[in-house]
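First comes the structure, then the notes that go with it.
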Amino acid sequence: MDAIAVPEKDAIASARAAGVATVRIVRVVRETADAVSLELAPESADAERFAYRPGQFLTLRIPSDLTGSVSRCYSLSSAPHEDGPLRVTVKRTVDGYGSNWLCDNAAEGMTLDVLPPAGIFTPESLDTDLLLFAGGSGITPVLSILKSVLARGTGHCTLIYANQHENSVIFAAQLAELAATHPDRLLVLHWLQSVQGLPSVAGLAALARPWAGREVFVCGPGPFMDAVAAAMAELGAPRKRVHIERFVSLSGNPFESDTAAGDVVIDDGDAAIVRVELDGEQHELTWPRRQTLLDTMLAEGLDAPYSCKEGACSACVCRVVSGEVSMRRNEILEAADIADGYVLACQAVPVTDDVTVTYD
Ligand SMILES: Cc1cc2nc3c(=O)[nH]c(=O)nc-3n(C[C@H](O)[C@H](O)[C@H](O)COP(=O)(O)OP(=O)(O)OC[C@H]3O[C@@H](n4cnc5c(N)ncnc54)[C@H](O)[C@@H]3O)c2cc1C
């Protein structure tokens, strides 16, 4: 199978065609000693592409002298109903490149290339009662979700929020204000490592027990999320009801990759057929067996969503309705998601001859 690579000089133009937009930083807010929020305004022509659901993230292109740029995902801490600028909140990672570059260099008036909102860490309904867990910067998508529930839904939220010490609590004042405004619908329980030690499975289970029957959303450092998952398992919460967002760095770069718009693969005859439901439209495509579903769709000119193209984010997730596919790599979907038919299009190759997937 031969692939016709997109020439390097055209890569950025291809990426732009596939969805890259420019946003302007309209305000930088110092949240804590090591976290900043960036308020971002898209061009007015792009406004529609920046409609988002609470819990979704943007992918930012961060300049680098060494590599031209790196690409990093940041969850939106703003909520759709707020109607103001988009806001991401970045916490410094020790020895990390992108987070420190943004904390040190992001300034009002600067423009950044971004991929529009993506991700599946979002509640199906704002009228559902939620149990939310956040560790450190993991508060960003969780704040967006809880503000949306309080403003636009009828659900009740309990937030268990872990931090190293009092001064590292991002959005402490905003959470206190929300809890005071909605005393019957929002309860915030802080866990401070400086006082209580590292969050333990037993401690988290004891705190969460009264709300264990709720839909659960978890975001934070790996060990924190593992402890929460174990605590919820101990409380008998079905794994399917525990939604996890993992904050990892992308190793690839969708802004500068020569496959940003999808490789065009010459059909060598070894192909499956895939029917795709996307944005309310049906498409039938020939799917070369050694090409991913995402590249197949992009090569056919479909406006399929994606961000990292390395199985690490979830921007490209879709659901298999019939047939079977396998994923080359998956760092984000849980076994329960896969059992429900969810796959990452950027990693999916066909197993059966006939496959149907939906994004709707
Ligand atoms: C969907 C999603 C949403 C996210 N939302 C947020 C958010 O809202 N806020 C937020 O702050 N973060 C968020 N993140 C995480 C964010 O994308 C970055 O991963 C984070 O900011 C760290 O990036 P960095 O470039 O600073 O660190 P990196 O440069 O990626 O480094 C990370 C760590 O790896 C180590 N490291 C780097 N290079 C090497 C190497 N070659 N060998 C060994 N170790 C190495 C570094 O020492 C450092 O400790 C999110 C991630 C995802 C996937």
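Residue indices begin at 1 and follow the sequence shown. The figures that follow rest on heavy atoms only: side chains count, while hydrogens, waters and symmetry mates do not. Note that ligands are numbered from 1 as they come in the structure, with each ligand's atoms numbered from 1 the same way.
Backbone and side-chain nitrogen or oxygen atoms of Asn100 are examined, and none is located within less than 3.5 angstrom of a nitrogen or oxygen of ligand 1. Geometrically, ligand 1 and Glu245 share no nitrogen or oxygen pair separated by less than 3.5 Å.
The protein non-hydrogen atom at the shortest distance from atom 8 (O) of ligand 1 is Thr140 OG1, 2.7 Å. The protein non-hydrogen atom at the shortest distance from atom 21 (O) of ligand 1 is Tyr74 OH, 2.7 Å.
For ligand 1, the atoms lying closer than 4.0 Å to a non-hydrogen atom of Val90 are 11 (O). Shown in contact with Arg246 at under 4.0 Å from a heavy atom are these atoms of ligand 1, numbered in order with element: 52 (C), 53 (C). Within ligand 1, the atoms closer than 4.0 Å to a non-hydrogen atom of Ser99 are 21 (O), 24 (P), 25 (O), 26 (O), numbered from 1 in the order shown.
A salt bridge links Glu334 and Arg246; the closest N-O separation between the charged side-chain nitrogens and carboxylate oxygens is under 4.0 Å.
The closest approach between any non-hydrogen atom of Arg92 and ligand 1 is not below 4.0 Å.
Residue nearest to atom 2 (C) of ligand 1, selected from Cys73, Ala35, Ser71: Cys73 (by heavy-atom distance). Distances from atom 46 (C) of ligand 1 to the heavy atoms of Ile120, Leu102, Asp95, Ile170 put Asp95 nearest. Of the candidates Gly96, Ser249, Gly98, the one placing a heavy atom closest to atom 23 (O) of ligand 1 is Ser249.
Between His190 and Tyr161, the ring planes are tilted. Angles from 30° to 60° get that label.
Each of Thr356, Asp337, Thr358 was compared with Arg319 under the side-chain contact (heavy atoms from CB on, under 4.5 Å) criterion, and only Thr358 meets it.
At a heavy-atom distance under 4.0 Å, no atom of Ile62 approaches ligand 1. Counting heavy atoms under 4.0 Å from ligand 1, residue Phe247 touches it through both backbone and side chain. Under 4.0 Å from ligand 1, the heavy atoms of Val94 that appear belong solely to its backbone.
The shortest heavy-atom contact between Gly155 and Arg185 is O-NH2, 2.9 Å.
Remark: the Ser78 side chain and the Tyr52 side chain contain an N/O donor-acceptor pair separated by less than 3.5 Å.
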